[in-house]
Amino acid sequence: MAQYELNVIDYWLILKKRKYLILLSTILVVVFTVIFSEFLRPDPLYEASARVKFERSTTIAQQLLESLSYSSMNDLGTQIEFIRSFPVMERVAVDLGRVDENAAPDDKKSATYLNSIYNLGQEITAQREGDTNIIRISATSDEPELAERMANSAASAYRVENIAARNRLVTESKRFVEEQLASLEQQLNDSEDALRTFKENEGRVFLADEARAALDTFTKLEEQYNDVLRKRTEGERQIEVLKHSDAVIGNQTGRIFTEEQNALLTILNQRLLDLIQERDTLLINYTPDHPQVVEQQKKVDNVKSEMIQELKSKVTTLMDREEALQEQRRHYRQRYLGYPRAAIQMSRLEREVKVNTDLLATLKAKHQELLIKGAERIEEVSIIAPAITPSTPINGSNITMNLMIGGLMGCFLGIVLAFGRESFDTSIGTIEGVEEFLNVPVLGIIPQLDHKVLKEMALETLPPDTPPSAAESLSKLICLLDPKSVLSESLRSLRTNIQFASLDRRVKSIIFTSAALGEGKSTCVINLAITMAQEGIKVLLVDADLRKPIVHQRLGIEREPGLVDALLGTTSWRSYVRSATDLMLGTVGVDRFLSTPGLDNLHVITSGSESGNPNEFLNITKIKALIAEMQEDYDIVLIDTPPILPVTDAVAFSSRVDGTILVYQVGRIGRNALKRAKFLLDHAQANVLGVVLTNVKSEVTPEYGLYRYEYR
């Protein structure tokens with residue numbers, strides 16, 4: 001097939017040729033879109049939204065309250081989750097009548113009561129609007145009025161619960177401080193009484209600053225010693241785990257833990273866990289003896305060895321530290337035992353009195369601030385936009401948009417299918433492609449025949465009582481029926497091209513054949529004979545299709561006697577030639593014969609009597625002498641033969657004539673079948689003059705001389 005670059009016109013011609021495929025695809029997709037939109041349409045769901053503003057309190061009392069409370073309720077993310085919390089949703093459920101406000105405590109713990117509130121939380125959402133401190137509370141429901149009521153109820157419940165929670169925290173904090181004040185006052189009194197009693201009994205005892213520093217140092221040494229002892233014991237246990245335990249992952253008793261987050265031991269521990277997990281993954285598909293598993297186990301053992309070495313080094317260091325601390329403890333313990341017990345006891349009692357005094361003063365100051373805050377009403381939430389009843393569902397299908405998208409998708413799918421079908425089309429798409437594929441020129445292009453119009457024209461020119469078969473036969477004689485039509489011009493162009501093709505070699509006998517049935521070769525050869533006769537050329541039309549002859553039907557003459565009789569009998573073939581008299585009595589008619597000059601140059605030999613095996617007549621040597629005699633009496637002999645692929649008659653005949661013309665109806669058969677027909681002719685050493693394309697629909701392009709076609 002000819003290879004050439006496609007331009008915009010080529011793409012347009014492909015789309016135009018496949019326009020019905022594109023249209024069908026678009027219609028089908030749009031129809032399915034409408035069907036699925038209707039049958040899969042969900043139940044309508046409405047959404048209503050209310051907007052609330054959360055503004056953090058910045059008073060001194062509020063800052064005190066935040067320092068006492070250990071929550072982050074001022075955070076907008078926390079507030080969004082608080083909106084869907086159980087207390088808020090419970091208020092909404094009571095307002096909507098989903099639960100009883102006066103339900104008993106046992107009923108509030110029931111599954112029905114709790115599920116009603118939790119399900120309500122699934123229907124309400126909250127989200128922050130941009131970078132503002134405004135929260136949008138949305139509620140969804142299958143009823144628009146209910147969605148609006150749920151959103152407003154949630155906003156109101158959130159505001160009420162926020163006020164109650166913030167003021168409840170003030171009350172609880174004040175009660176807690178008051179309880180601590182009473183307890184601390186009692187502890188302070190007890191510590192003061194103990195100190196006073198001690199002084200009355202022992203008198204005033206003095207403890208030097210050096211003794212006080214020694215006591216503080218001894219306390220710190222005790223803490224350090226206990227910490228080192230714990231770490232050494234942990235390190236020894238970790239070494240035992242690494243030596244005897246292999247199940248590290250998921251085994252809490254064998255887990256290795258270190259408090260030093262950036263230590264080498266932590267890195268090795270994480271590496272060990274990863275390697276064991278990779279090894280366990282391999283064991284799912286492989287046995288322990290598999291090379292990959294063995295290699296992974298070696299890596300695990302290497303990391304364990306490094307960890308044991310690191311732990312041993314750590315334990316050694318801790319043991320040295322432990323000995324040093326123990327020696328220091330012993331030193332300070334000896335000094336501690338040398339101090340008077342009374343001095344130590346008095347120092348402890350004075351320290352307790354000072355601590356209780358400072359704590360009591362701090363709590364009294366906070367209690368005064370809470371008293372001031374309790375007189376205020378904290379309101380951090382305000383409703384700035386209540387919800388309104390939604391008019392359209394949020395999940396409603398946009399039929400217009402669906403149709404537009406469906407139409408675009410269908411059109412796109414149709415274009416893809418059009419180019420796909422064009423790619424898989426085995427017919428030849430250009431004249432250049434035909435010539436390059438068969439290596440022969442295109443001699444003629446016969447446009448598409450509108451059989452209905454031609455038959456109507458034939459009926460108009462014939463008498464009313466003419467049989468339909470006669471009108472059908474006349475509609476095929478295009479050169480006689482409409483000599484000024486494009487079809488007639490194409491046949492005259494074919495006649496001229498044949499004459500030019502035989503300039504270098506005189507061609508007086510030509511057979512017309514095709515690759516398959518119904519490609520229009522008989523119509524072509526009959527009209528070509530009429531056209532040549534009109535030109536003044538003495539033409540002999542021979543019907544050599546002995547299987548399904550059609551020339552006699554088209555011209556309205558008798559089939560017998562004819563070619564078969566001339567080959568079998570002893571009478572000369574000239575006695576079987578139909579001349580002007582026979583044509584006037586047939587489909588041509590007297591009036592049309594007389595009005596068309598040159599038809600007396602047309603002579604016809606029909607197929608003749610039926611034969612049992614037509615191939616035998618074409619293989620005898622008598623046919624060659626018969627054709628030679630015909631060439632002497634006529635300027636040109638046109639022979640209609642059967643198709644090549646079904647039977648071999650035309651192949652056998654082609655070697656006995658001067659030239660062969662292959663008729664190809666575009667789009668009827670694939671290129672491989674056409675190539676096979678050309679191969680059979682070449683194998684028989686036939687002189688293939690060219691190809692005649694039939695059933696062609698011309699397309700006008702801006703390129704001069706370029707002729708394209710498409711088939712129906």
Side-chain angles (χ1 to χ4, degrees), residues 40-57 69 71-130 132-169 171-172 377-397:
L40 300 181
R41 177 183 296 177
D43 296 332
L45 195 64
Y46 298 89
E47 181 182 76
S49 299
R51 301 168 67 210
V52 298
K53 180 181 179 182
F54 175 80
E55 191 166 5
R56 182 186 305 233
S57 176
S69 62
S71 63
S72 57
M73 293 187 62
N74 292 329
D75 181 69
L76 283 177
T78 304
Q79 295 300 315
I80 290 174
E81 294 299 323
F82 179 70
I83 292 173
R84 301 175 65 248
S85 64
F86 187 86
V88 177
M89 292 297 102
E90 186 177 20
R91 289 180 181 271
V92 177
V94 171
D95 184 43
L96 297 177
R98 295 193 178 185
V99 296
D100 187 8
E101 182 179 5
N102 301 319
D106 293 337
D107 295 337
K108 290 185 177 181
K109 297 179 181 179
S110 64
T112 304
Y113 186 90
L114 296 176
N115 288 334
S116 299
I117 297 175
Y118 289 140
N119 292 336
L120 181 62
Q122 301 298 323
E123 301 174 13
I124 296 176
T125 59
Q127 62 180 9
R128 182 182 180 184
E129 291 193 348
T132 66
N133 58 343
I134 297 176
I135 301 175
R136 178 183 294 273
I137 302 175
S138 302
T140 56
S141 175
D142 55 354
E143 299 179 8
E145 295 80 7
L146 181 58
E148 177 257 337
R149 185 181 174 188
M150 289 171 59
N152 288 328
S153 178
S156 300
Y158 167 52
R159 178 176 175 274
V160 172
E161 187 63 27
N162 178 268
I163 295 173
R166 299 298 282 172
N167 289 279
R168 186 187 309 117
L169 184 58
T171 304
E172 293 177 355
R377 179 181 175 87
I378 304 174
E379 293 190 15
E380 296 180 335
V381 178
S382 58
I383 301 176
I384 61 175
I388 60 175
T389 304
S391 57
T392 56
I394 59 175
N395 61 341
S397 60

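The first residue in the sequence is number 1, and the count goes up from there.
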A.B. asks: Is the shortest heavy-atom distance from the side chain of Tyr158 to the side chain of Ile383 under 4.5 Å?
C.D. replies: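 Result no, sub-4.5 Å side-chain heavy-atom pair not found.
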A.B. asks: If you count the non-hydrogen atoms of other residues, nucleotides and ligands that lie under 6.0 Å from CD1 in Ile388, is the total more than 12?
C.D. replies: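 Not more than 12 within 6.0 Å, no.
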A.B. asks: Starting at CD of Glu55, measure out to CG of Asn133 and round the result to the nearest 0.5 Å.
C.D. replies: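 That separation rounds to 6.5 Å.
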A.B. asks: Please report the shortest heavy-atom distance between Tyr113 and Ala103, naming the atom on each side.
C.D. replies: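 Smallest interatomic distance, heavy atoms only, reads CE1-CB, 4.3 Å.
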A.B. asks: For residues 134-155, which residue pairs qualify under ring pair (Phe, Tyr, Trp, His ring centres under 6.0 Å), counting only residues two or more places apart or in two chains?
C.D. replies: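 Applying ring pair (Phe, Tyr, Trp, His ring centres under 6.0 Å) to every pair that reaches into residues 134-155, excluding sequence neighbours, yields nothing.
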A.B. asks: Would you give me the side-chain donor-acceptor pairs under 3.5 Å for residues 115-123, sequence neighbours excluded?
C.D. replies:
unit_1	atom_1	unit_2	atom_2	d
Asn115	ND2	Ala111	O	3.0
Ser116	OG	Thr112	O	2.8
Asn119	ND2	Asn115	O	3.0
Glu123	OE1	Arg98	NH2	3.3

A.B. asks: Would you tabulate the side-chain donor-acceptor contacts of residues 145-155 under 3.5 Å, counting partners in other chains and residues two or more places apart, or write 'none'?
C.D. replies:
unit_1	atom_1	unit_2	atom_2	d
Glu148	OE2	Asn152	ND2	2.9
Arg149	NH2	Asp95	O	2.9
Asn152	OD1	Ala387	N	2.6
Asn152	ND2	Glu148	O	3.4
Asn152	ND2	Ala387	O	3.3
Ser153	OG	Asp95	OD2	2.8

A.B. asks: Return the minimal non-hydrogen interatomic distance between Asp142 and Leu45, and the atom names on each side.
C.D. replies: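 Here Asp142 and Leu45 meet closest at N-CD1, 4.1 Å.
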A.B. asks: Which atom names give the shortest non-hydrogen contact between Arg128 and Ile80, and what distance separates them?
C.D. replies: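 Smallest heavy-atom distance, with atoms named: N-CD1, 3.6 Å.
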A.B. asks: Hey, could you give me the NZ/CD1 distance between Lys53 and Ile134, rounded to the nearest 0.5 Å?
C.D. replies: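 Nearest 0.5 Å value for the NZ-CD1 distance: 7.0 Å.
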A.B. asks: Quick one: CZ on Arg51 to OG on Ser382, what's the gap to the nearest 0.5 Å?
C.D. replies: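 Going from the CZ atom of Arg51 to the OG atom of Ser382 covers 11.0 Å.
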A.B. asks: List the atom of Glu90, the atom of Val99, and the distance in Å for their closest heavy-atom pair.
C.D. replies: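 Between these two residues, the closest heavy atoms are O-CG2, 4.5 Å.
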A.B. asks: Among residues two or more places apart or on two chains, list those pairs meeting salt bridge (Lys or Arg N to Asp or Glu O under 4.0 Å) that have a residue in residues 103-119.
C.D. replies: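 Residue pairs passing salt bridge (Lys or Arg N to Asp or Glu O under 4.0 Å), neighbours aside: none found.
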A.B. asks: Applying salt bridge (charged side-chain N to carboxylate O under 4.0 Å, His left out), can you list everything that pairs with Arg136, at least two apart in sequence or on another chain?
C.D. replies: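 Residues passing salt bridge (charged side-chain N to carboxylate O under 4.0 Å, His left out) with Arg136: Glu129.
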A.B. asks: So, using salt bridge (charged side-chain N to carboxylate O under 4.0 Å, His left out) as the criterion, who are the partners of Glu101 when residues are at least two apart?
C.D. replies: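 Residues passing salt bridge (charged side-chain N to carboxylate O under 4.0 Å, His left out) with Glu101: none at all.
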A.B. asks: What's the spacing between Arg91 CZ and Leu96 CG if we round to 0.5 Å?
C.D. replies: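 That separation rounds to 14.0 Å.
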A.B. asks: Which atom pair, heavy atoms only, marks the closest approach of Ile83 to Val88?
C.D. replies: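 It is O-CG1, 3.2 Å.
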A.B. asks: In Å and rounded to the nearest 0.5 Å, what is the CD1 to CD distance from Ile135 to Gln127?
C.D. replies: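 It is 10.5 Å, given to the nearest 0.5 Å.
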